[in-house]
Amino acid sequence: MGRQATAAPFAIELKGISKAFGPVQANKDINIAVPKGTIHGIIGENGAGKSTLMSILYGFYKADSGQILVGGQPTPIPDSQSAIRAGIGMVFQHFKLVQNFTVLENIVLGAEEGALLNTSLGKARQVLKDLAQEYGLNVDPDALIEDLSVGHQQRVEILKALYRQADILILDEPTGVLTPDEADHLFRILRGLKDQGKTIILITHKLREIMEATDNVSVMRRGTMVATVKTRDTSPEQLAELMVGRKVLLEVEKTPPAPGKVVLSVQDLRVRDEHGVERLKGVSLDIRAGEILGIAGVAGNGQSELLAALGGMTKASGTITLNGVPLPLSGPGSDGQSRREAGIAHVPEDRHHHGLILDFAAWENVAFGYHNDPKYQKSALFMDNDALRADTEKKMATYDVRPPIPTLEAKNFSGGNQQKIVVAREVEQNPDLLLIGQPTRGVDIGAIEFIHKQIVALRDAGKAILLVSVELDEIMSLSDRIAVMFDGQIMGMRDPASTDERELGMLMAGMTGTSDAKLKKEAY
Amino acid sequence: EPALIYDLGGKFDKSFNEAAFNGAERWAQETGGTYKEIEMQNEAQREQALRRLAEAGSNPIVTTGFGMSDPIATVSKDFPDTKFVTIDGFVDPAAHPNVLSIGFAEHEGSYLVGMMAALASKTGTVSFVGGMDIPLIRNFACGYAQGAKAANPDINFISNMTGTTPAAWNDPVKGSELAKAQKAQGSDVIFAAAGGTGLGVLQAAADEGILSIGVDSNQNHLHPGSVLTSMLKRVDVAVYNSMKQGEALDTTPQALNLASDGVGYAMDEHNAALVTPEMQAAVDAAAEKIKSGELVVHDYRTDDTCPVATF
Amino acid sequence: MDRLPRWADLTLVPLVSLLFAAVISALVLLSIGQSPTEALKVMIDGALGSPYGWGYTLYYATSFIFTGLAVTVAFHAGLFNIGGEGQAQIGGLGVALVCLSLPWPHWTVALAAATAGAALFGAAWAAIPAYLQAKRGSHIVITTIMFNYIAAALMVYVLVDVLRPTGQMDPASARFPVGAQLPALNDIPGFSLIFQRPVPANITLLIALAMAVVVWALLWRTRLGYQIRAFGKSEAAAKYAGINPVRITIIAMLISGGLAGMMSINNVMGEAERLLQNSSEGAGFIGIAVALMGRNHPFGVVLAALLFGFLYQGGAELGLWTSIPIEMRIVVQGLVILFTGALDMMVRMILERLFALVRSAKAVRAA
Amino acid sequence: MDYATLLQVLDTTVRLATPLLLACLAGLYSERAGIFDIGLEGKMLSAAMSAGAVAALTGSAWAGLLAGIGASMLFAALHGLAAITFRGNQLISGVALNFLASGLTVLIAQAMFKQGGRTPPLSGDARFNPVTLPGAEALRDVPLIGPLYYEVISGHSVLVYIAFLIVPFTWWVLFRTRFGLRLRAVGENPAAVDTAGVSVIGLRFAAVAITGILCGVAGAYMATALQAGFGREMTAGRGYIALAALIFAKWRPVAAMWACLLFGFFQALALRPDVVQSVVQMKVPVPLLDALPYILTVLVLAGFVGKAIPPRAGGQPYVKER
Ligand SMILES: Nc1ncnc2c1ncn2[C@@H]1O[C@H](COP(=O)(O)OP(=O)(O)OP(=O)(O)O)[C@@H](O)[C@H]1O
Ligand SMILES: Nc1ncnc2c1ncn2[C@@H]1O[C@H](COP(=O)(O)OP(=O)(O)OP(=O)(O)O)[C@@H](O)[C@H]1O
Ligand SMILES: [Mg+2]
Ligand SMILES: [Mg+2]
């Protein structure tokens, strides 16, 4: 590979990069330069265009305009092959692995030597052994990807890049799915790579990681690059301000809770997935009226299953009672309709796949899940579409949904406004219990504030709320009590006033006692 | 202007429908006239085709295959001035004076080729592949078996039908597989009365080096040296005569037999080497006896039984 | 690139797709040495040029409305029902059994009973693929294709061994009694002014039109329709909303199969007046093209059914009066499905380009 | 059933399984690459027509084979255009192409030969004639295996042997070569292939092209070996049965061969109701025998014969950006 160590100070330079997806201008005239042998952070709100920019650099998307320089040389990168040839490797936010292939097969895919597999696999096995020693990247080369933990899958992605002799490594939100401990391990690896002279671009939402790991940091906002600064010259507060364009008040204003009687009581709740693997391993908890119970945890530790089981989306075993009345967990009466009738509303974690029918108009979505509600019926046979449209107009006004057009299809609203439609629908049902998952994922600061206020208002109205979020900040600021989930179990219950991120992080990694840290599961 | 409707096997089945086509062509050549023709593709089309032709003024409308008789019975009432011909079918002439039904004495022709088969067989086993399993086709098989038994009382007779629907007229793959199966059971002369399916039978017989017997048209030329003879059913004559009479068609039902040259067997240069003079003499003698009434071949359709075979 | 305006998406896309299909059909005709204009003339003449032609065009259109609606309902539930053919044939069996079972006093009574029979049998034939899809995840496209073949075999057995009157050679049922014979359009006051001679189009046409309205109301005005559409758009979301996937899959397929079965009142009871082999004549498959062309909207389906009725009757006329084989209509049908169903992105992209051009031209003029 | 009858049925089985096998392997390449193809039927049909026509015109079965492959590849290219380039619905594209093939074949054959949509009967070198394998005559009298070798294994056309050789070859390609690795990957996760620097579109088109070739051979076999010429709708649903066999075989080549032999065996039995009757000792309605492969397919699909998990990305167009 014809790359020689020129005197160029920059490993990567992007000049005037722009990219639009249909009407969405994801990147606008972006300029950035990454010095060789540094770790360069990129931060920005959801949808700011970070992933798009990196995908362009990796040849996954094609920029509408702009220029890429690698090692000082203008290098067109029309496809990933060119990026690989230019020494760029990327670990995507969503891993690009073939699930039923072995580690080895995934590593050689696209980088085979010759038409027959034997030689490629043999060589890869050797290289893998060397890399494992050099960087502490151990994985079983013959394991199937689907059998590996997320952390190990990520290692495979890094190994893939290193196997292709990448000098520049891009990582897109690598720690979103990792426990704090796994994340620490990752950063040790990254530092090792940096010491070998590799250049690393790191996308993350976590300002702590930026401050700890990077040399420089670039901030993106709504498709533009607003600043690039040396990390040691900046502060988290300044970065946050740069990100959203104004001073941010992260604290939620709320009065102390006044918990009443137990609304929801869960005993020994268990859920198996379609492969028969137990994802929820005996969860028990109570939620009282006028209380927000926050569930903290790394994504994939059973929070989704907990919401799904309570919301009637999946079969479960154990017992749950709502206001003292037991609810069936499988068979008739265990579906989402029955739960809604019982007084449970549910803002799902994934609004695109669950909360909305994207091809339906806003007014049709306002009935979604409540289509059997008598207030939307004209007669035994027909629905009252006029009433529904009127109701939608009212909700859109209250929740400041923009644009306030009931006939607009859901897919044509931005993420924040879509979320407002879902929240409006569920909160306005005035339920006894509100299940709410990732309420502000992909939602901008303004909308976050609004949604948080609604949640608190519902609590103050004496309702019970179960809040699931991967954002520790959100959990800490909203919850009246915090339960931490790990590996399908509740690791502990904490009072937000008397705990901190460190303690919660330990629990999230499966460590119960803070003194004698004992791993429940093979960590990173 | 007359019209001709072919049955589901299709105009170029080299057999039944093609015989009809040949008759029409002969009429066209001799008179310089033109005729309309339609090939049926499925059952439900029949009535529309009849109506459309009648509507457009075709007369007479000649049809092949028994499947046409029921639609004709319906349509002919709406077009009393149009003459219809159903070849192989039957429509009550009392109720439908404008319909001519033409039938054939297939058992007589089949008897002759059955004799020839038995005389040509070296294995002592001859066989029959029928198209759709209906009395009409069983009549072929029964006549054939009677002839074979007459020529050789010890002859072993095998019979298979292709199917129970009109699709059985057009399934050469099944035809050839049945032929191969019959060969495996010892047969070395196979009579195919199966429309387009028969082409597969004749092909397989040629491939396997045994003899076959064609049907309806003269099929000797298809595999010279392998087709022993063909049982002729003069559909061409029926069509020719009907077209020739034109609008003045006489609708008294006809039964064409050996005596009236409506059935027979084919001799030409393609099978001359296969048929010895002795064989031909024996067959011709039997033919004379049938014509004179001295020999009566049992017609399966009269009582739905066959004296020498079961199906 | 900007999206197409909604009106263009609804009208221009199918029309342009149709145009593509027409152009390619013309090329096919030219390549086999036939004149497309001559062919078109024969088709228009034969299908629309006389009450006789209309009688057939409307007759076929009636069948296609039913099968098109059948495909539409399934489609809204996210199910691709290719089994209309088999469901229609089995529906025909239902019609025949009803019609032959009693000496019906009047056609109205017979019609009501036969409609129920047709819908019931058609629905029953759709029930097994539906159940297998819902419960066992068997791909409905393949199971319904298989059920078409199985239906054909079953019909052979029934017609040959059960329903065939003794002495009859062709595989068909006996004729239906007089009390079970439906009035054709020429028997209906008003219509009889136009149709003075017997035509195959019959009272079922009105039922078909009524069903189009019923299906429209079902899909867009009732709770069931809401659930069907929601399920069809997103199965995961339906589950969240507590819409039972098994229930909706089965109900939608039962309605779909019932509609497909109901087409048999048109051809079996209204026209042939006995049950024949292959009675549906491919209408089940044409329903796919009709639904795609009609953009899965009942009113679109009615228009598309008329178009296909024209193509079908016109195609028959081609087979009759020209040397163009009747298979031409299958080619046209395939082309329409291809362009409206599979190459719709291509058509849309072309239109988007055109719209962008027009827009920029306007912008230039404005500036 | 005596041994001779059994051999005869097995002999038929091999003949009838061959087009299924070729079509099934064809589908395997396509579906392993993530492109569903219910248009196997149409491709076979178009190939059968072209092969029959060209063999009749040139008198060469090999020329017919090439023409069949060409026609089938044309249809494959159309499917690729719709399913890969324009990301259309793969099922609908398959259905449409089946219609197109069904109509066009008759139209063209009729225009060329005016024989009711058939091609003229083939004979001599215009057909693939049976070949006798070495030693077949010599071994014929060895008890048991002699007749088996002579009747069932020897005496088929060369295309039959090619079809069965493609089975191990396909296995080797799929699991031992770079192309196979990429092909399997693109059917499971096209994004992984894309980010690994390999063209998803290129791979998928390659797979679809192979499908075209194999369907071409299958169709040519129908018209120039199994039968002597093309006839209307002569593939008679074999493309669908091949698909079912593919699912039955869980998209694995060797299992596909066994599945096709099984379906071929059913088809052979349907040709011999007399044999079935003598074995089960009662009259079996022929339509039931005819429907048996389809019924079995439904049972397979229903998972009563084991759950089949298709390639994960199957049926979905690969969309990077909307
Ligand atoms: N494939 C795509 N098609 C259409 N629009 C897209 C696509 N990918 C991203 N977008 C849009 O482009 C914009 C930028 O998205 P991008 O994924 O780059 O943001 P991000 O900064 O990585 O956000 P996040 O923090 O959520 O990962 C968003 O508005 C997004 O909706
Ligand atoms: N993957 C995608 N494909 C197509 N369009 C998308 C996609 N993601 C987002 N969009 C559209 O892009 C636009 C912006 O989406 P995005 O989620 O980035 O909103 P936003 O700019 O963050 O706005 P808000 O702050 O209100 O959430 C919306 O119209 C949305 O529908
Ligand atoms: Mg991102
Ligand atoms: Mg956003």
Side-chain angles (χ1 to χ4, degrees), chain C residues 24 28-29 31-34 80 82 128-129 131-133 135-143 145-158 160-161 285 288-289 292 323-349, chain D residues 36 38 42 78-79 81-83 85-112 114 116-117 232 236-237 240-241 243-244 247 285-298 300-304 307 310 315 317:
Chain C
I24 300 213
V28 167
L29 283 176
S31 71
I32 60 167
Q34 304 282 354
F80 191 17
I82 311 198
I128 305 168
Y131 175 85
L132 292 177
Q133 165 81 56
K135 278 287 198 190
R136 308 199 63 104
S138 327
H139 206 302
I140 198 138
V141 168
I142 305 195
T143 47
I145 290 176
M146 293 299 132
F147 266 70
N148 286 337
Y149 285 105
I150 299 173
L154 179 64
M155 292 306 287
V156 167
Y157 173 73
V158 167
V160 170
D161 289 339
F285 292 121
I288 299 167
L292 288 172
S323 55
I324 301 168
I326 199 161
E327 275 77 9
M328 187 62 212
R329 64 189 186 193
I330 304 184
V331 174
V332 176
Q333 198 180 320
L335 288 169
V336 171
I337 298 180
L338 187 68
F339 283 108
T340 49
L343 288 173
D344 50 337
M345 276 270 277
M346 181 185 81
V347 174
R348 220 163 264 138
M349 272 165 61
Chain D
F36 281 170
I38 54 173
L78 267 177
H79 188 55
L81 189 75
T85 310
F86 289 111
R87 305 194 291 252
N89 184 320
Q90 298 173 8
L91 295 173
I92 295 179
S93 165
V95 170
L97 291 174
N98 283 345
F99 274 102
L100 218 53
S102 163
L104 275 180
T105 48
V106 176
L107 228 57
I108 294 172
Q110 172 66 12
M112 285 175 76
K114 310 241 179 312
R232 191 192 296 268
Y240 298 118
I241 297 189
L243 264 191
I247 296 168
V286 177
L288 179 63
L289 289 177
D290 283 333
L292 217 52
Y294 308 113
I295 294 173
L296 186 74
T297 302
V298 172
V300 169
L301 286 166
F304 294 117
K307 188 105 190 121

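A note on names: the letters A, B, ... follow the listed sequences, proteins ahead of strands, and every chain is numbered from 1. Just so it is clear, the model here is predicted, and its values are computed rather than measured.
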In chain order, what residues pass the side-chain hydrogen bond (donor to acceptor under 3.5 Å, both in side chains) check against C:S323, with sequence neighbours excluded?
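Applying side-chain hydrogen bond (donor to acceptor under 3.5 Å, both in side chains) to C:S323 gives C:Q34.
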Is it the backbone or the side chain of C:L132 that comes under 4.5 Å from a heavy atom of chain D, or both, or neither?
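For C:L132, the side chain is the part near chain D, not the backbone.
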Chain D contact via C:I326 - which portion, at a heavy-atom distance below 4.5 Å:
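Neither; nothing under 4.5 Å.
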Heavy atoms only, distances under 4.5 angstrom: which of [options] has the most pairs with chain C? Name it, please.
options                       : answer
D:A291, D:P287, D:A83, D:S93  : D:P287
D:I295, D:D290, D:L292, D:L78 : D:I295
D:V95, D:V106, D:L243         : D:V106

Which atom pairs, donor and acceptor, lie under 3.5 Å between side-chain atoms of residues 145-158 of chain C and protein residues at least two apart or in another chain?
residue: C:N148; atom: OD1; partner: C:G86; partner atom: N; Å: 2.7
residue: C:N148; atom: ND2; partner: C:I82; partner atom: O; Å: 3.0

Drop me the distance from C:L343's CG to D:L81's CG, to the nearest 0.5 angstrom.
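One gets 6.0 Å once the value is rounded to the nearest 0.5 Å.
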Would you give the length of the straight line joining atom CG of D:L107 to atom OG of C:S31, rounded to the nearest 0.5 angstrom?
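With rounding to 0.5 Å, CG (D:L107) is 8.0 Å from OG (C:S31).
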Just wondering, do C:V28 and D:L104 contact through their side chains at under 4.5 Å, heavy atoms?
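Yes, close enough: below the 4.5 Å cut-off.
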Is D:L91 in contact with chain C via its backbone, its side chain, both, or neither, using a 4.5 Å heavy-atom distance?
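Both parts, heavy atoms under 4.5 Å.
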